[in-house]
J.: 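Sharing a structure below in structure tokens format, with a few things to ask.
Quick caveat: nothing in here was measured; it's all calculated off a predicted structure. Counting starts at 1 for both ligands and their atoms, in listed order.
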Amino acid sequence: MRILGIETSCDETGVAIYDDEKGLLAHQLYSQVTLHADYGGIVPELASRDHVKKTIPLIKLTLAEAGLMQKNLDGVAYTAGPGLVGALLVGATIGRSLAYAWNIPAVAVHHMEGHLLAPMLEDTPLPFPFIALLVSGGHTLLVEVRGIGEYQILGESIDDAVGEAFDKTAKLMGLNYPGGPLLSKLAEKGDSTRFTFPRPMTTIPGLDMSFSGLKTFAANTIKMNGNDTQTRANIARAFEDAVVDTLVIKCQRALKQFHMKRLVIAGGVSANRHLRIKLKELMSSIDGQIFYPRMEFCTDNGAMIAYAGMQRLKNGEHTDLSVKAFPRWPIDQLTSIKSEN
Ligand code: KG4
Ligand code: ZN
């Protein structure tokens, strides 16, 4: 079974072809970063218009990269939510229409399920059950995963998502959008003893998180200490340490509470080097295992959508002829794929 995956939920157009026997055959990504850079954040209308321009050419490129033609495909998977409604509708309309024209089924994929399953694009098997930490620009979720589609949300951010907090703090420091990776790079030169930021909601029980206060803390620290290069690096370091520590504490708590020894991290922020190191240390200290996608599949991409779509198509799911997008779509509303357990 060969599936074409289309991702257009935010500011990246991603296309890939996944074969259930041979694995990933081809993938292409077009990032809109330069398009939005002047505005310091994503402009939804510009994002939608750019997806309109880029999706079909990327599909052609991906087919060529795989050495395939449309008749070699068995299904089309597209991200139907959550995300920016206009951007989602572009991928949904193109995906649904191509599947209709090619007389193959189409399936609507949940973006965060795509992230969650991205480690399965690697050869290492990923055994259920596990705890997943999903950290992206729009979501911060701790999930108990018992099988594909069997998701129980254990905790989430009550305000900014982790990636959003990274980006907003980076903006305060004058870094370009998306500032997460740039802030993290700056933090490498910072002195970790210079400033100490709070670890929000770690002294109270529970698995919910809060990150918007750290951004305010960074703003106040800049106001009081200036914004020269070394001070900025020190602030970046203190911010990153606080975020990473908070996530480690919450993961440790979830693993303990649910008697689990396997942790999956996915989503854009799982590309953060410091977070990966600290969570690896946590997992080795409890004799557990950690899984994450390869770097390029941490952030948005078409491969994870093709993979998740393949699982759902194999389960007999497909969409009718209507084109729908779900800007808000809780991950625990997905149906379970029993055969996977
Ligand atoms: O999953 P993703 O590509 O898009 C969404 O679904 O939102 O995540 C993008 C987010 C951005 O906020 C970006 O700044 C953050 O992931 N990010 C990072 C790093 N790489 C990407 N944050 C911190 N450190 C990184 N190395
Ligand atoms: Zn994402």
Side-chain angles (χ1 to χ4, degrees), residues 5-14 16 27 29-33 36-37 40-42 44 47 51 78-84 87-88 91 109-119 132-141 156-157 160-173 175-188 190 211-212 214-215 218 236-237 239-247 264-279 292-305 307-308 326-329 331:
I6 304 171
E7 156 62 36
T8 64
S9 68
C10 194
D11 61 345
E12 249 117 22
T13 318
H27 68 103
L29 189 75
Y30 177 81
S31 168
Q32 302 179 351
V33 163
H36 303 289
I42 298 167
H51 286 308
Y78 56 85
T79 307
L84 302 170
L88 289 166
V109 172
H110 190 289
H111 182 78
M112 296 312 290
E113 178 170 71
H115 277 304
L116 171 56
L117 302 182
L133 172 70
L134 303 180
V135 273
S136 70
H139 294 84
T140 305
L141 293 168
E156 57 194 317
S157 175
D160 290 354
V162 182
E164 188 181 359
F166 261 100
D167 296 340
K168 286 179 175 171
T169 305
K171 196 173 176 183
L172 287 175
M173 294 180 163
L175 299 171
N176 284 337
Y177 183 85
L182 300 176
L183 187 150
S184 182
K185 206 166 182 334
L186 183 64
E188 281 172 23
F211 296 99
S212 70
L214 289 177
K215 167 196 66 195
R237 178 64 194 262
F239 171 85
E240 189 179 61
D241 282 351
V243 169
V244 169
D245 265 8
T246 304
L247 292 172
V264 165
I265 52 167
V269 186
S270 68
N272 184 278
R273 225 183 106 251
H274 192 176
L275 179 66
R276 284 183 179 224
I277 292 171
K278 290 288 175 187
L279 285 174
Y292 37 75
R294 75 179 86 152
M295 277 297 185
E296 63 185 319
F297 296 150
C298 285
T299 42
D300 292 350
N301 64 85
M304 66 185 196
I305 302 305
Y307 182 82
F326 309 96
R328 286 176 201 281
W329 185 4
I331 196 169

J.: Are any of the N/O atoms in G163 less than 3.5 Å from those in ligand 1?
T.: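 Yes.
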J.: Who's the nearest protein heavy-atom neighbour of atom 22 (N) of ligand 1, and how far?
T.: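 Of the protein heavy atoms, G180 CA, 3.7 Å lies nearest.
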J.: Which residue and atom name correspond to the protein heavy atom nearest atom 8 (O) of ligand 1, and how close is it?
T.: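 Answer, as residue, atom name and distance: G268 CA, 3.3 Å.
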J.: Under 2.8 Å from the Zn ion (ligand 2), which protein N, O or S atoms do you find? Ignore water molecules.
T.: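 The answer, once waters are left aside, is H111 NE2, H115 NE2, D300 OD1.
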J.: Hey, does D300 have a side-chain heavy atom less than 4.5 Å from the side chain of I305?
T.: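 In short, these two side chains do not touch, never coming nearer than 4.5 Å.
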J.: Answer yes or no for H274: is there a heavy-atom contact with ligand 1 below 4.0 Å?
T.: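 Under 4.0 Å: no for H274.
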J.: Within the 4.5 Å heavy-atom criterion, are F211 and T246 side-chain neighbours or not?
T.: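 SC-SC contact between F211 and T246 confirmed.
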J.: Do E12 and ligand 1 have an N or O pair less than 3.5 Å apart?
T.: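 Looking only at distances, the answer is no, because the N/O contact criterion of under 3.5 Å is not met.
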J.: Under 3.5 Å between any N/O of G137 and any N/O of ligand 1: does that happen in this structure?
T.: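 There is such a contact, yes.
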J.: Can E164 and K215 be counted as an ion pair, charged N to O under 4.0 angstrom?
T.: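 Looking at K215 together with E164, the answer is no, because their closest N to O distance does not fall below 4.0 Å.
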J.: For atom CZ of R276, decide whether the heavy atoms of other residues, nucleotides or ligands shown that lie under 6.0 angstrom number more than 12.
T.: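 Counting other residues, nucleotides and ligands, CZ of R276 exceeds 12 neighbours.
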J.: Just wondering, do V243 and E240 contact through their side chains at under 4.5 Å, heavy atoms?
T.: no
J.: Going by an N to O cut-off under 4.0 Å, is there a salt bridge joining D241 and R237?
T.: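 Yes, charged N to carboxylate O under 4.0 Å.
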J.: Flag the pair L183 / F239 as yes when at least one side-chain heavy-atom distance between them is below 4.5 Å, and no otherwise.
T.: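 The answer is yes, as the side chains (C-beta and beyond) meet within the 4.5 Å cut-off.
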J.: Just checking, is any N or O donor in the side chain of E7 or H111 under 3.5 Å from an acceptor N or O on the other one?
T.: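 H111 and E7 do have a side-chain donor-acceptor pair below 3.5 Å.
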J.: Output, in order, the C-alpha distance, side-chain angles, deciding distance and verdict of side chain to side chain contact (heavy atoms under 4.5 Å, CB included) for L133 and Y292.
T.: CA-CA 10 Å; L133 172 70; Y292 37 75; over 6 Å; no
J.: Please list the nearest protein heavy atom to atom 6 (O) of ligand 1 with its residue and the distance rounded to 0.1 Å.
T.: H111 NE2, 3.1 Å
J.: Could a heavy atom of P181 be found less than 4.0 Å from some atom of ligand 1?
T.: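 Yes.
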J.: Quick one: look up the protein heavy atom nearest atom 13 (C) of ligand 1 and list residue, atom name and how far away it is.
T.: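 Protein heavy atom at minimum distance: D167 OD1, 3.8 Å.
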J.: Output the list of atoms in ligand 1 that are nearer than 4.0 Å to some heavy atom of G138, sorted by atom number.
T.: 7 (O)
J.: To check you understand the geometry: which heavy-atom pair defines the closest contact between A161 and T140, and what is its length?
T.: CA-OG1, 3.2 Å
J.: Does a donor on one side chain and an acceptor on the other come within less than 3.5 Å for T299 and E12?
T.: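 Judged by distance alone, the side chains do not pair up.
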J.: Using a 3.5 Å cut-off on N or O atoms only, is N272 in polar contact with ligand 1?
T.: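 Yes; at least one N/O pair falls below 3.5 Å.
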J.: For a side chain to side chain contact (heavy atoms under 4.5 Å, CB included) check, start with the C-alpha distance between L29 and T13, then their side-chain angles and the critical distance, and finish with the verdict.
T.: CA-CA 6 Å; L29 189 75; T13 318; over 6 Å; no
J.: When you measure from atom 15 (C) of ligand 1 to every protein heavy atom, which one gives the shortest distance, and what is it?
T.: V269 CG2, 3.9 Å
J.: State, with a plain yes or no, whether a side-chain heavy atom of H139 is found less than 4.5 Å away from one of E156.
T.: no
J.: Based purely on interatomic distance, does T299 place a nitrogen or oxygen under 3.5 Å from a nitrogen or oxygen of ligand 1?
T.: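 So ligand 1 has no N or O lying under 3.5 Å from an N or O of T299.
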J.: Does D300 reach ligand 1 with a nitrogen or oxygen that is under 3.5 Å from one of the ligand's nitrogen or oxygen atoms?
T.: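 The answer is yes, given that D300 and ligand 1 share an N or O pair closer than 3.5 Å.
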J.: Would a 4.5 Å heavy-atom cut-off, applied to side chains only, mark D160 and K168 as touching?
T.: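 D160 reaches K168 side chain to side chain.
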J.: With heavy-atom distances below 4.0 Å as the criterion, list the atoms of ligand 1 near H115.
T.: 1 (O), 6 (O)
J.: Looking only at distances, please establish whether an N/O atom of ligand 1 is found under 3.5 Å from an N/O atom of P178.
T.: no
